[in-house]
Amino acid sequence: MAKGMGNGFPLAAVVTTPEIAQTMHQALHFNTFGGNPMSCAVGSAVLDVMDEEGSQANCADVGTYMLLELAKLRDEFEVVGDVRGKGLMIGVELVADKVSFP
C-alpha cells in the first residue's frame, strides 16, 4: 500500500499474513523509506489526523451513500453491469449488455 499513507510524503507499507511474513527473512527485502524516523513520524501523524477527523467513519458513510446511488444507475442503465466496493473504494462495471453479462 502506498500513495495516501503519507499524505503526500513518500511512504508505503506491506500487509501480509504471518505465514508469508515468516518467509521474508530468507530473502533480501528492503524499501527506500522503510523504518526511518521521518517516515515513521509522518505515518504516525497521518494516522492521528485520520482518527481525530473521523476519516474512516466519513468514508464508510459517504461510500455507503455512493454505493446506493450507483446501484440505482445499475437498475436504470443497461451498460452498468455491477456496482461493488467498500468505503470509497468503489467499482462500476460497464458491460455491452446485461444479457451477456455473467
Side-chain angles (χ1 to χ4, degrees):
M1 292 185 284
K3 304 295 180 205
M5 286 186 61
N7 198 28
F9 187 87
L11 179 63
V14 175
V15 178
T16 187
T17 64
E19 294 80 18
I20 293 172
Q22 289 294 323
T23 66
M24 296 189 82
H25 74 275
Q26 298 170 0
L28 177 62
H29 178 76
F30 66 92
N31 57 61
T32 306
F33 298 101
N36 71 60
M38 177 67 90
S39 294
C40 293
V42 169
S44 181
V46 169
L47 291 174
D48 288 344
V49 170
M50 288 176 66
D51 188 42
E52 291 166 11
E53 294 181 353
S55 297
Q56 284 183 299
N58 184 57
C59 286
D61 293 343
V62 173
T64 299
Y65 174 77
M66 284 183 65
L67 281 171
L68 292 172
E69 293 300 309
L70 289 168
K72 293 176 187 176
L73 296 178
R74 178 189 58 217
D75 299 336
E76 184 177 345
F77 296 100
E78 188 70 18
V79 71
V80 181
D82 196 13
V83 176
R84 56 189 174 272
K86 184 169 181 141
L88 292 175
M89 297 293 291
I90 296 173
V92 177
E93 187 168 27
L94 303 177
V95 297
D97 63 79
K98 290 186 183 179
V99 174
S100 61
F101 175 66

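Residue numbers run from 1 in the order of the sequence given. For the numbers below, each heavy atom of this structure counts, side chains included, while hydrogens, waters and symmetry mates do not.
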A.B. asks: I'd like to know if the side chain of Thr23 and the backbone of Ile20 have a donor-acceptor N/O pair within less than 3.5 Å.
C.D. replies: yes

A.B. asks: Once rounded to the nearest 0.5 Å, what's the spacing between atom CG of Leu73 and atom CD of Glu69?
C.D. replies: 8.0 Å

A.B. asks: Please determine if Arg74 and Glu93 form a salt bridge, counting it only when a charged side-chain N lies under 4.0 Å from a carboxylate O.
C.D. replies: no

A.B. asks: Is there a chain of hydrophobic side chains (I, L, V, M, F, W, Y, each step under 4.5 Å between heavy atoms) that links Val62 to Met89?
C.D. replies: no

A.B. asks: Is it possible for you to say whether Ile90 and Phe77 belong to one hydrophobic cluster, with membership spreading through side-chain heavy-atom contacts below 4.5 Å?
C.D. replies: yes

A.B. asks: Please give me the minimum heavy-atom distance between Phe9 and Met38, naming the atom from each residue.
C.D. replies: CZ-CG, 3.5 Å

A.B. asks: Compare every heavy atom of Met5 with every heavy atom of Val46, then report the nearest pair and how far apart it is.
C.D. replies: CG1-O, 3.4 Å

A.B. asks: Locate the shortest heavy-atom distance separating Gly85 from Leu67; write the atom from each residue and the value.
C.D. replies: O-CD1, 3.6 Å

A.B. asks: Mind listing the closest non-hydrogen atom pair of Leu88 and Cys59 along with its distance?
C.D. replies: CD1-SG, 3.6 Å

A.B. asks: Starting from Leu70, can I reach Val79 by hopping between I/L/V/M/F/W/Y residues whose side chains sit under 4.5 Å apart?
C.D. replies: yes

A.B. asks: Can you check whether Ala60's main-chain N or O pairs, donor with acceptor, with Thr64's side chain at less than 3.5 Å?
C.D. replies: yes

A.B. asks: Could you measure the distance from the CG atom of Asp61 to the CE atom of Met66? Nearest 0.5 Å is fine.
C.D. replies: 13.5 Å

A.B. asks: Taking all non-hydrogen atoms of both residues, which atom of Val99 and which atom of Glu78 are closest, and how far apart?
C.D. replies: N-OE2, 4.2 Å

A.B. asks: Taking all heavy atoms of Leu11 and all of Gly6, pick out the closest pair and write down the distance.
C.D. replies: CD2-CA, 3.8 Å

A.B. asks: Mark yes when over 12 heavy atoms from residues, nucleotides or ligands other than Gln56 sit less than 6.0 Å from its CD; otherwise mark no.
C.D. replies: no

